[in-house]
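Written below as C-alpha cells is the structure these notes are about.
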2 protein chains.
Amino acid sequence: MPRPSQLDDKRRELLPVVAGVFTRLGYRRATTAELSEACGVQENILYRLWPDKKAMYLAAIDFVYEFSEQTWLRLLERDGGGASSARRLLEYESHHHGEFGHYRILFAGLPEIDDADIRAALRRTFARFHRFLLAQMLTQRSGGGGAAACPAELAAWAAIGLGTIANISRELGLLDDAQRRGLIEQIGGLLLSSGGAGRPSAGRGRRASKHTLT
Amino acid sequence: MPRPSQLDDKRRELLPVVAGVFTRLGYRRATTAELSEACGVQENILYRLWPDKKAMYLAAIDFVYEFSEQTWLRLLERDGGGASSARRLLEYESHHHGEFGHYRILFAGLPEIDDADIRAALRRTFARFHRFLLAQMLTQRSGGGGAAACPAELAAWAAIGLGTIANISRELGLLDDAQRRGLIEQIGGLLLSSGGAGRPSAGRGRRASKHTLT
DNA sequence: CTATAGAGTAAGTATTCACATACAGTATTG
DNA sequence: CAATACTGTATGTGAATACTTACTCTATAG
C-alpha cells in the first residue's frame with residue numbers, strides 16, 4: 001500500500017491561514033491565488049483539501065466559532081476569583097472583543113446569504129454563539145429555580161447584537177477602544193442584570209413589555 | 001442652447017431601482033448588466049449618471065439612511081396619542097424593522113471596508129442613524145435637565161446593534177416575526193428606560209459600571 | 001526493489017464582468 | 001431651420017479568476 005493520507009492534517013494546518021485570508025479580504029476578494037500563496041502551496045493543493053473555494057470559506061466560518069469557544073473555555077478554566085462565568089466573560093470581552101477580526105469572516109458571508117450552504121453555516125455559527133452565551137447567562141441566575149424566562153434568550157441575542165455593533169464601530173472608527181470597552185461593559189452589564197437574573201427583570205420586563213401583543 | 005440636462009432627475013429616478021438590486025444581490029454580485037437591466041436602460045446610461053459601479057453603490061448607501069429617516073419623520077408627523085417619539089419609533093420598528101431589506105446594502109459594504117470611500121459612506125450612515133436615535137432617546141428624558149449622560153450615547157449604539165442582530169436573525173431564519181418583535185420591544189424598552197431616562201439609569205448605571213476603568 | 005498512490009509543480013482555459021467605443025435619435029435655443 | 005448637446009443603442013475588450021489538466025517526485029507496502 002502507498003503512503004497514508006495526510007489530508008486531514010494538512011487541512012487542520014492550513015485552515016487558520018485560510019481563515020486569516022478570509023478575515024483580511026472577505027469571501028469574494030479572497031482569490032484562490034491569494035489563498036494558496038498565503039498557505040505557501042499551489043492552488044491545486046487547496047483543491048485537493050476542499051472541493052472548491054466555497055468549501056474553504058465554509059470551513060473558515062466554523063473556525064470562527066471554534067476559535068472563540070476555545071478562547072472562552074480556556075479563560076473559564078482559569079481561576080476566576082469568585083466572579084460568575086458571565087461576568088468574567090464580559091470583563092474579558094470588554095478588553096479583547098474582536099481583536100482577531102474573525103468576525104469579518106461572518107460579515108463576508110452576509111451578502112452571500114442566499115446560498116443555502118453559506119446560510120446554513122452562518123445560521124449554525126450564530127446559533128452556537130447564542131447557545132453558549134445563553135448558558136453563561138443562565139448559570140448566573142440566582143438559584144436556577146425559576147423556569148427559563150423568555151428575556152434571557154432575548155438578552156443573549158442582544159448580547160450578540162452588542163458584540164456586532166462593537167465590531168462594526170471598530171471597523172468604521174466610530175468608537176475608540178475605551179468607548180467600545182464602555183459600551184460592552186455597561187450595556188453588557190445591563191443585559192446580564194436584566195436578562196440573566198430573575199430579580200430585576202420582573203419589574204423591568206413588565207414595563208418594557210407595555211407594547212407586547214402576544 | 002441644447003436641451004437642459006436631466007441627469008439629476010434620472011439619478012433620482014433610478015437610485016431606488018439601483019438600491020433594490022444592491023439589496024437583492026449585494027455589492028459584488030450586483031453586475032452592471034443586472035443593474036442596467038433592472039433600470040430598463042443600457043449599461044452606458046448608468047455610466048453617464050455615475051462614474052463607476054462603486055459610485056452607484058455609494059449612492060445606494062446614502063439612500064438607505066435617507067429612506068429610513070423619511071419613513072420615521074413621516075411617522076412622527078402623524079398623531080402619536082401622547083406617547084413619546086422614542087416609544088412610537090420603538091413600537092413602529094418592532095413591527096416593521098428591516099421590512100425593505102435595505103440593511104443588506106450596508107451588510108454588503110462591510111467586506112469592502114478597506115476601500116476608503118465605502119468606509120466613509122458606511123461610517124457616515126451609521127453615524128447618522130446614531131445621531132437620530134440619540135436625539136430621540138434624549139427627548140424622552142424627563143425634563144431635559146441633566147447633562148448628556150454617557151449611557152444615552154451607548155444605549156443608542158446598542159439600539160443599532162439590536163436592529164442589526166434582528167436583521168441578521170431574520171436573514172438566517174433564527175427568529176420568527178413574533179420573536180423579533182419581542183426582541184425589539186423588550187430590549188429596546190430596556191435601552192430606552194436605562195439610557196434615555198435620567199431616573200433609573202442612575203442606580204442601574206452605577207451597578208453596571210462596576211468594571212469601568214476610565 | 002518496485003509498484004502504487006499520495007504530495008507537489010506549472011502551466012492553461014473558459015467565463016465573467018466592469019467599463020469603453022462608435023454611432024443614431026431627439027429636444028431645445030437662437 | 002439649424003446647430004448643439006443630451007438621450008439612447010449595440011457591440012467590443014482586456015483583465016481577473018475559479019477551476020483544470022498534465023506532469024514529476026516521493027514515501028510506503030509487499
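Proteins come first, then strands; the chains are lettered A, B, ... in the order of their sequence lines, and each starts at number 1.
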Would you check if there is a donor-acceptor pair between the side chains of Ser36(A) and Gln42(A) at a distance under 3.5 Å? no
Side-chain H-bond candidate by donor/acceptor type, Glu171(A) with Tyr103(A), under 3.5 Å: yes
Mind checking if Thr31(A) touches a base, just sugar-phosphate, or nothing, with heavy atoms under 4.0 Å? sugar-phosphate
Mind checking whether Glu34(A) and Leu25(A) have side chains closer than 4.5 Å, heavy atoms only? yes
Using a 6.0 Å cut-off, check whether atom CD of Glu66(B) has over 12 heavy atoms from anything other than its own residue. yes
Arg28(B) side chain to Arg28(A) main-chain N or O, any donor-acceptor pair under 3.5 Å? no
Indicate yes or no for a side-chain donor-acceptor contact from Lys53(B) to the backbone of Tyr27(B) under 3.5 Å, with no hydrogens or angles considered. yes
If you fit an axis to the five pairs at each end of the helix from dC1(C)-dG30(D) to dG30(C)-dC1(D), how big is the angle between those two axes, to 10 degrees? 10°
Side-chain atoms of Tyr47(A) come closest, of dG8(D), dC19(C), dT20(D), to dT20(D)
Please pick, from dC19(C), dT9(C), dA18(D), the nucleotide with the shortest atom-to-atom distance to any side-chain atom of Lys53(A). dA18(D)
Between Pro51(A) and Arg29(A), just flag the one whose closest nucleotide in DNA chain D comes earlier from the 5' side. Arg29(A)
Roughly how many Å is it from CG in Leu46(A) to P in dT20(D), rounded to a whole number? 13 Å
Met56(B) CE to dC17(C) P, straight-line distance once rounded to whole Å: 15 Å
Nucleotides 22-24 of chain D: which of its N/O atoms have a protein N/O under 3.5 Å away?
| unit_1 | atom_1 | unit_2 | atom_2 | d |
| --- | --- | --- | --- | --- |
| dA22(D) | N6 | Asn44(A) | ND2 | 3.4 |

Any carboxylate oxygen within less than 4.0 angstrom of a Lys/Arg side-chain nitrogen, looking at Arg181(A) and Asp176(A)? no
Please find the pair of heavy atoms, one from Met137(B) and one from Leu191(B), that lie closest to each other, and give the distance. CE-O, 3.7 Å
